[in-house]
Amino acid sequence: QVQLVESGGGLVQAGGSLRLSCAASGRTFSPYAMGWFRQVPGKEREFVATIDRIGLSKYYADFVKGRFTISRDNAKNALYLQMNSLKPEDTAVYYCAAGSRNGLLDTNTDYNYWGQGTQVTVSS
């Protein structure tokens, strides 16, 4: 089992920045590909970004390209999402996830473990 805990969410004005963190515990962090997803009430959880096991490859949803950066520190068992130029439509609960299959994983079913989520609210 891998336990994931997100932090760093909050309220920010449009154009501002936030850095989300995801702390992993339990099994060793490095064998897992990691991802960020987000969800708003009444909508399905959607893919935001993914990173492979060693942090060499990354893939982003089109709507965050150039604004968000995913990174990981395997020595610290941590995953990050740097979010810049935030827009009101980025408002959502953000989840980190761990997948046992390596590669760039961009669908919910690719992931085995999920955090509880952290709320990000962007005001206009």
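Quick caveat, the model's predicted, so the values are computed rather than measured. Both backbone and side-chain heavy atoms feed into the values below; hydrogens, waters and symmetry mates do not.
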Which atom names give the shortest non-hydrogen contact between [X] and [Y], and what distance separates them?
| X | Y | value |
| --- | --- | --- |
| Ala14 | Ser124 | CB-CA, 4.4 Å |
| Ser85 | Ser17 | N-OG, 4.4 Å |
| Val2 | Ala24 | CG1-CB, 4.3 Å |

Can you check ring pair (Phe, Tyr, Trp, His ring centres under 6.0 Å) on Phe47 and Tyr59, steps first, answer last? CA-CA 10 Å; Phe47 166 75; Tyr59 177 66; 5.7 Å; yes
How long is the gap from [atom1] on [X] to [atom2] on [Y], to the nearest 0.5 Å?
| X | Y | atom1 | atom2 | value |
| --- | --- | --- | --- | --- |
| Gln13 | Thr121 | CD | OG1 | 13.0 Å |
| Leu20 | Leu81 | CG | CG | 5.0 Å |
| Ser57 | Ile51 | OG | CD1 | 8.5 Å |
| Ser30 | Asn77 | OG | CG | 7.5 Å |

Arg19 to Tyr80, cation-pi by 6.0 Å centre distance and 45° axis angle: yes
Stepwise side chain to side chain contact (heavy atoms under 4.5 Å, CB included) check, Val120 with Asp90: CA-CA 8 Å; Val120 171; Asp90 293 318; 5.5 Å; no
For a side chain to side chain contact (heavy atoms under 4.5 Å, CB included) check, start with the C-alpha distance between Met83 and Tyr94, then their side-chain angles and the critical distance, and finish with the verdict. CA-CA 11 Å; Met83 305 187 295; Tyr94 283 73; 3.9 Å; yes
Should the pair Lys58-Asp52 be classified as a salt bridge under the 4.0 Å nitrogen-to-oxygen rule? no
Are [Y] and [X] connected into the same hydrophobic cluster when the rule is that any two of I, L, V, M, F, W, Y join if their side-chain heavy atoms are below 4.5 Å apart?
| X | Y | value |
| --- | --- | --- |
| Val122 | Val48 | yes |
| Leu4 | Ile70 | yes |
| Leu105 | Tyr60 | no |

Taking the side chain as every heavy atom from C-beta outward, state whether [X] and [Y] have any atom pair closer than 4.5 Å.
| X | Y | value |
| --- | --- | --- |
| Trp36 | Leu79 | yes |
| Lys76 | Asn74 | no |
| Asn84 | Gln82 | yes |
| Tyr32 | Tyr113 | yes |
| Lys87 | Arg67 | yes |
| Phe63 | Glu89 | no |
| Val93 | Arg38 | no |
| Leu11 | Gln119 | no |

Main chain of [Y], side chain of [X]: is a donor-acceptor contact present, judged purely on distance under 3.5 Å?
| X | Y | value |
| --- | --- | --- |
| Thr50 | Met34 | yes |
| Glu6 | Gly117 | yes |
| Arg53 | Ser100 | yes |

Mind running side chain to side chain contact (heavy atoms under 4.5 Å, CB included) on Phe68 and Leu18 for me, showing each step along the way? CA-CA 10 Å; Phe68 292 8; Leu18 281 175; over 6 Å; no
Could you tell me whether Lys65 atom NZ has more than 12 heavy atoms of other residues or ligands within 6.0 Å of it? yes
Aromatic contact between Trp114 and Phe37, with the criterion being ring centroids under 6.0 Å apart: yes or no? yes
